[in-house]
Amino acid sequence: MAFFIPNFRNIRLETSIAGDWTIQKLGRKGRITMSFEHLGIEKKWQKYWDENKTFKTNTFSNKEKFYVLDMFPYPSGQGLHVGHPEGYTATDILARMKRMQGYEVMHPIGWDAFGLPAEQYAIDTGNSPKEFTEANIQTFKRQIKELGFSYDWDREVNTTDPDYYKWTQWIFKKLYENDLAYMDEVAVNWCPALGTVLANEEVIDGKSERGGHPVVRKPMKQWMLKITAYADRLLTDLEDLDWPESLKEMQRNWIGRSEGAEVTFSIEGHDETFTVFTTRPDTLFGATYAVMAPEHPFIKMITTADQKEAVENYLHEVQTKSDLERTDLAKDKTGVFTGAYAVNPVNGEKMPIWVADYVLMSYGSGAIMAVPAHDERDYEFAKVFELPIKEVVAGGNIEEEAYTGDGSHVNSEFLDGLGKDEAISKMIDWLEKNEKGTKKITYRLRDWLFARQRYWGEPIPIIHWEDGSMTAVPDEELPLELPEMTEIKPSGTGESPLATNEEWVNVVDPEMGMKGRRETNTMPQWAGSCWYFLRYVDPHNKEQLADPKALEEWLPIDIYIGGAEHAVLHLLYARFWHKFLYDIGVVSTKEPFQKLFNQGMILGEGNEKMSKSKGNVVNPDDIISSHGADTLRLYEMFMGPLDASVAWSTNGLDGSRRFLDRVWRLYINDDNSLTDKITDEAATELDKVYHETVKKVTEDFENLHFNTGISQMMVFVNECYKADSIPKNYAEGFVKLLSPVAPHMCEEIWQKLGNEKSISYAGWPAYDESKLVEDEVEVVLQVMGKVRAKLSVPVGTAKDDLEKLALSEDSVQKWLEGKTIRKVIVVPDKLVNVVAN
RNA sequence: GCGGGUGUGGCGGAAUUGGCAGACGCGCUAGACUUAGGAUCUAGUGCCUUCGGGCGUGGGGGUUCAAGUCCCUCCACCCGCACCA
């Protein structure tokens with residue numbers, strides 16, 4: 001055979017025609033040795049697992065349950081990138097190990113398939129988003145299967161399947177019935193180019209996240225979910241979760257609980273009062289002015305005639321600024337006096353009311369009492385506009401800067417002399433007694449805007465009647481299916497394309513004959529991903545979302561692995577829905593994800609994020625054909641700790657392949673027979689390293705320390721090469737340990753070792769603690785903390801004996817010449833340190 | 001600015017309770033086998049060195065018989081939030 005095969009480097013390849021052709025046809029520039037022919041082996045076992053449904057989960061078995069979950073993938077048109085297999089391999093290793101340890105493992109996958117890209121594609125090309133999505137799913141599915149993940153494919157779910165979104169709609173109805181879904185007129189991010197409203201998180205730097213189109217503010221009637229009703233529980237229940245601390249902190253900040261007081265101020269010459277929220281009610285005597293947000297409804301009413309022009313100019317100026325500009329350019333404080341005065345409830349002093357955009361309408365009540373002496377923002381503002389600064393807490397220098405620390409109160413009548421905490425509670429008592437205010441907890445978290453003006457999403461099951469009332473679609477009419485539409489274009493009015501589908505949108509009540517119109521908004525993409533992990537447990541249930549008995553068996557999820565990009569939104573929304581479902585008795589746990597882990601990112605070779613524009617994207621398909629899925633899995637786990645972001649390295653990938661080749665050659669000869677190194681003898685030279693390896697790999701995998709577990713397996717293989725023979729039970733034990741990482745190759749070796757059944761349910765190896773200790777141990781001899789000699793002694797040598805042995809050692813004596821021994825520290829089985837001078 | 005995190009060879013990274021820094025892999029050097037090698041095998045590989053040894057975990061200081069690990073301080077980088085009253 002005379003092909004030119006790039007990087008061809010094993011003469012024996014030429015004799016294997018089948019191998020040549022595969023490699024030749026794929027044209028990969030991989031480094032293939034004939035010893036381990038991955039293409040054939042991987043296909044063979046993927047077919048075997050599929051045909052035998054090897055990884056089918058028995059919902060109600062007697063085994064202990066283990067639920068391993070991957071984050072719900074969005075099947076994009078680009079297919080898988082090398083970042084996907086990192087998290088998926090980690091969960092797959094756990095799933096495979098747990099199965100071998102005798103657990104009943106739930107390890108499912110599915111598709112979060114609604115979303116803007118499919119709709120954009122449909123608009124751009126006139127094709128159906130459904131077909132496009134279906135094709136993308138097929139690509140993802142093929143790629144995932146080629147990586148050898150042990151999913152139970154009978155549990156595959158798809159958010160765009162009416163049998164699935166029937167229950168998404170059902171949950172929405174329940175939220176609606178429990179007053180947690182409501183309609184409100186809110187200023188939303190209207191993107192004219194996309195013809196849709198975007199959530200805050202979809203707007204980046206004033207442009208749409210997808211497409212980078214400009215975004216403007218526009219008031220619109222929207223569906224909202226009252227997540228704020230759960231703010232406190234979402235916060236406190238974080239405590240018991242085994243999640244990364246940084247992530248919990250992000251959620252805490254997002255929820256942003258702050259404790260303080262609401263204080264009511266009257267306005268001079270008006271009957272109306274306004275309230276402010278403050279975390280420092282103790283500084284009320286130091287409040288010298290008040291500020292309202294530009295959107296505050298009272299501004300028009302209270303502005304005096306001579307300030308009218310100035311205020312209107314200011315409001316206009318602010319309106320034309322985007323949110324970004326308002327916050328970003330906020331280095332310099334701006335604002336205008338309204339001409340009106342508030343009355344400080346505690347001392348009756350007049351406080352000018354200003355308008356300024358450093359106060360946000362969306363937080364608290366949209367108005368503040370300004371205490372410039374003890375708040376940095378107020379201080380800065382007061383300096384700019386020369387407003388009075390009155391010290392009420394001693395300890396700082398208010399000539400220089402605001403003092404926000406603790407201290408003794410001054411100029412504060414009944415608070416004088418008190419510290420911060422005492423003063424706060426005393427002031428709250430006073431406010432409550434005099435009906436001027438009350439204790440109050442405020443959250444930064446806002447209600448969830450739960451509507452998108454799009455076609456490709458779950459229809460919201462609500463009908464608006466001509467009499468102005470609205471009702472939910474009856475349960476027996478669910479799912480309310482998304483109608484097939486030949487043309488999907490934004491209506492242009494801000495409504496979704498569904499508004500143009502007369503047949504679908506118009507309804508008549510069969511009994512009363514009243515006319516109505518269906519809700520044309522659809523749900524945001526987050527909806528389907530809020531509960532998918534529940535459906536996996538009972539995916540074909542026609543009567544309910546899932547059998548409560550099955551949910552009880554499997555929840556909470558034992559381990560959930562995915563990227564940190566979902567740290568806040570997805571995880572908070574899913575927790576919210578889960579708590580709601582708990583309240584209405586659907587699920588029996590308060591939290592869905594007991595343990596969560598964020599995998600790091602895989603960067604391009606230049607240590608930059610992989611992106612098409614940089615041309616540094618690595619395609620898993622290429623690696624699977626050149627090096628094999630097992631190599632890719634092994635490499636991604638060996639690169640570094642799972643949570644680190646590490647750059648891709650082709651050399652490192654080659655190294656992983658080399659290790660698998662070394663393992664293969666340890667067991668299998670070129671003629672495919674077993675090597676004669678594997679014997680039935682009970683050799684002892686590998687005892688210690690074998691048992692160490694079993695122990696370390698088991699513990700490391702359990703703790704997601706795959707890189708160190710793999711390195712221990714490399715140590716074992718190196719020792720095996722040095723040994724004369726390998727006892728068969730060690731040889732088998734090692735293949736089992738490696739099988740979660742490199743399942744195809746290990747199945748093949750397992751079979752060649754004479755086993756008929758799949759390795760997937762072979763018992764996980766156990767280790768013998770007694771084999772880990774040796775009779776002799778090396779003790780380090782130090783003089784003044786520096787290692788000068790080493791000594792081999794029997795384990796458990798007494799302290800005194802060890803000290804004598806150490807001091808009689810020549811190499812130690814040499815360092816003690818002319819010195820007096822002050823102290824000898826002996827740590828048995830570890831070291832002796834002689835202190836001398 | 002605030003909150004969280006990370007700094008260890010040429011590179012990715014290992015190091016129980018403070019107890020031999022650099023496991024394992026990559027890369028590199030030399031050798032062996034070879035028509036050939038980006039295969040395989042063997043040996044070596046933190047830095048400096050007058051070959052005695054000295055110095056080394058971002059910088060400086062401290063605690064200790066002993067510090068990558070504990071404390072103080074400074075610096076750099078990454079992530080999140082960004083006027084949240």
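Every chain is numbered from 1, with letters handed out A, B, ... down the list of sequences.
Residue contacts shown for Asp378(A) are absent, as no nucleic acid heavy atom lies under 4.0 Å away. Counting non-hydrogen atoms under 4.0 angstrom, Glu778(A) reaches a base of the nucleic acid. Within the nucleic acid shown, Thr279(A) comes within 4.0 Å of sugar-phosphate atoms alone, with no base atom in reach, counting heavy atoms only. Glu376(A) comes within 4.0 angstrom of nothing in the nucleic acid, heavy atoms only. Residue contacts for Lys814(A): at a heavy-atom cut-off of 4.0 Å it reaches the sugar-phosphate backbone alone, with no base atom in range. Base engagement by Val780(A) is indicated by at least one non-hydrogen atom pair under 4.0 Å involving a base atom. Residue contacts shown for Lys786(A) are limited to sugar-phosphate atoms, with no base heavy atom under 4.0 Å away. Within 4.0 Å (heavy atoms only), Gly655(A) reaches sugar-phosphate atoms of the nucleic acid but no base atom.
Only the C1' atoms considered, G5(B) is 24 Å distant from G9(B), to the nearest whole Å.
Across all strands shown, C41(B) forms a Watson-Crick or G-U wobble pair with G31(B), both key distances being under 3.5 Å. Base-pair partner of A14(B): not found among the strands shown (Watson-Crick or G-U wobble, both distances under 3.5 Å). Using the Watson-Crick or G-U wobble rule with both distances under 3.5 Å, U6(B) pairs with A76(B).
Under the salt bridge (charged side-chain N to carboxylate O under 4.0 Å, His left out) criterion, Lys248(A) pairs with no residue at all, not counting sequence neighbours.
Using a 30° and 60° split on the angle between ring planes, Phe385(A) and Phe381(A) fall in the tilted class, from 30° to 60°.
Between the side chain of Asp700(A) and the main chain of Gly709(A), a donor-acceptor pair closer than 3.5 Å is present.
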